[in-house]
Amino acid sequence: MIADARKEGPAALDRLEALCRAAGLAEPVVLELRLVAEEVVTNVAKYGYAPGAAAAMEVRVSMDDDAVSLEFRDSGEPFDPLSQPPPDLDAPLEERPVGGLGLTLVRALVEEARYAREGPVNVLRLVKRRTQQ
Amino acid sequence: MALSIQVEEGRSFTKTMRIAGRLDDQTAGEMDTELDKVLATALKTLVFDLAGLEYTTSAGLRSFLRAQKAMKQRGGDTLFVNVQPPVKKVFEIAKAANLNTVFRSVRELDAYLDAMQKKAKEDAT
């Protein structure tokens, strides 16, 4: 449970990373899990709640033999990160948008991503295989 | 994890920024500050040596894109060397750098810069 992602996000991400490493995941997978979690947590901290309000959220981690599941829950504005239009990565440099890259990374680095608004809560579930292809 | 940035001057109008550690929302601001200082100088080629960069989020990618835009605006180049596999993967997903500007080693980069210098001299005469 993260009381305010703006203040406690980095510490929570450090814990997640340590947990994944302690579970024996390969280092590249550990860093990619941290990366997708960091992008989601940062997004909630920046845009999920009104300025000044505590950006409360929850990150749940579960693992089985094949995969690691991350579940992010927040009670901020309804926001489906998976329905956002992807940025045009092939635009010439001058016109390249600098936003939207975080969600692009999230989508590319996990095998499964699902979003649901459950009552007042945004729920994002991501599943990543334990081993890299 | 902290970020460390060293700026080196080598060839004329060329600066190398050695970025080590992690680039994220907390540290990308430090990089932008250093980058602005570097961009405030007369510069034709900006090299990022990423041998020590183990991790970058989209915040770091935004800084690298900003650098490339600024250099292109002044008709200069941004080159990358020693990009480590985890960072390279992220660069490739986000298409954060043109593959022609990414060099595997300092040796390969030096050969390219030598050729550019030679060409510039020839063009001048």
Minimum heavy-atom separation for [X] and [Y], please, with both atom names.
{"X": "B:V102", "Y": "B:A97", "answer": "CG2-CB, 4.2 Å"}
{"X": "B:L46", "Y": "B:V38", "answer": "CD1-CG1, 3.9 Å"}
{"X": "A:A37", "Y": "A:L16", "answer": "CB-CD2, 3.3 Å"}
{"X": "B:A94", "Y": "A:R96", "answer": "O-NH2, 2.9 Å"}
{"X": "A:I2", "Y": "A:G9", "answer": "CG2-N, 4.4 Å"}
{"X": "B:I5", "Y": "B:M31", "answer": "CD1-CA, 3.5 Å"}

CZ (B:R74) with more than 12 external heavy atoms under 6.0 Å: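 Result for CZ/B:R74: enclosed.
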More than 12 heavy atoms from other groups under 6.0 Å of CZ on A:R117: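 Result for CZ/A:R117: enclosed.
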If contact means a heavy atom pair closer than 4.5 Å, which residues of [range] contact chain B?
{"range": "residues 63-95 of chain A", "result": "A:L89, A:D90, A:L93, A:E94"}
{"range": "residues 17-27 of chain A", "result": "A:E17, A:R21"}
{"range": "residues 42-60 of chain A", "result": "A:T42, A:K46"}

Hey, which of A:E111, A:E112, A:E118 is the one that makes salt bridge (Lys or Arg N to Asp or Glu O under 4.0 Å) with A:R125?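 Of all the options given, the one that passes is A:E118.
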Under 4.5 Å from any heavy atom of chain A - which part of B:K69: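 B:K69 touches chain A through backbone and side-chain heavy atoms alike.
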Per-residue contact mode, B:Q68 against chain A (heavy atom under 4.5 angstrom):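 B:Q68 touches chain A through backbone and side-chain heavy atoms alike.
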Taking a hydrophobic cluster as the set of Ile, Leu, Val, Met, Phe, Trp and Tyr residues connected by side-chain heavy atoms closer than 4.5 Å, whether directly or through intermediates, do [X] and [Y] fall within one such cluster?
{"X": "A:V30", "Y": "A:V110", "answer": "yes"}
{"X": "B:M116", "Y": "B:L109", "answer": "yes"}
{"X": "B:L53", "Y": "B:I93", "answer": "yes"}
{"X": "A:L124", "Y": "A:V121", "answer": "no"}
{"X": "B:M17", "Y": "B:F103", "answer": "no"}

May I ask you to list the residues in residues 76-90 of chain B that approach chain A closer than 4.5 angstrom, counting heavy atoms only, ordered by number?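 Listed by number, the contacting residues are B:K89, B:V90.
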When B:L65, B:N98, B:L61 are compared by non-hydrogen pairs under 4.5 Å with chain A, the top option: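 Ranked by contacts with chain A, first place is B:L65.
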Flag the pair B:D25 and A:R6 as a salt bridge only when some basic side-chain nitrogen lies within less than 4.0 angstrom of an acidic carboxylate oxygen.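 Looking at B:D25 and A:R6, the cut-off is not met.
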Using a strict cut-off of less than 4.0 Å between a Lys/Arg side-chain nitrogen and an Asp/Glu carboxylate oxygen, indicate whether B:D123 and B:K119 qualify as a salt bridge.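 Yes, charged N to carboxylate O under 4.0 Å.
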Out of A:E39, A:R107, A:E32, return the one with the most heavy atom pairs under 4.5 angstrom to chain B.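 Of the candidates given, the most pairs with chain B belong to A:E39.
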If you count heavy-atom pairs under 4.5 Å with chain B, which of A:T104, A:L35, A:L101 comes out on top?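 Heavy-atom pair counts peak at A:L35.
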Is A:R34 in contact with chain B via its backbone, its side chain, both, or neither, using a 4.5 Å heavy-atom distance?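 Both backbone and side chain of A:R34 come within 4.5 Å of chain B.
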A:L103, part contacting chain B, at a heavy-atom distance under 4.5 Å: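 No part of it gets close to chain B.
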Between B:D36 and B:T33, is any side-chain donor less than 3.5 angstrom from a side-chain acceptor?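 No, B:T33 and B:D36 have no side-chain donor paired with an acceptor closer than 3.5 Å.
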Taking the side chain as every heavy atom from C-beta outward, state whether A:L31 and B:R22 have any pair of such atoms under 4.5 Å apart.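 A:L31 vs B:R22: side chains touch.
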Stepwise side chain to side chain donor-acceptor pair (under 3.5 Å) test for B:S63 and B:D32: CA-CA 6 Å; B:S63 296; B:D32 284 339; 2.8 Å; yes
Parallel under 30°, tilted from 30 to 60°, perpendicular over 60°: which one fits the rings of B:F48 and B:F64?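 Ring orientation, 0 to 90° scale: perpendicular.
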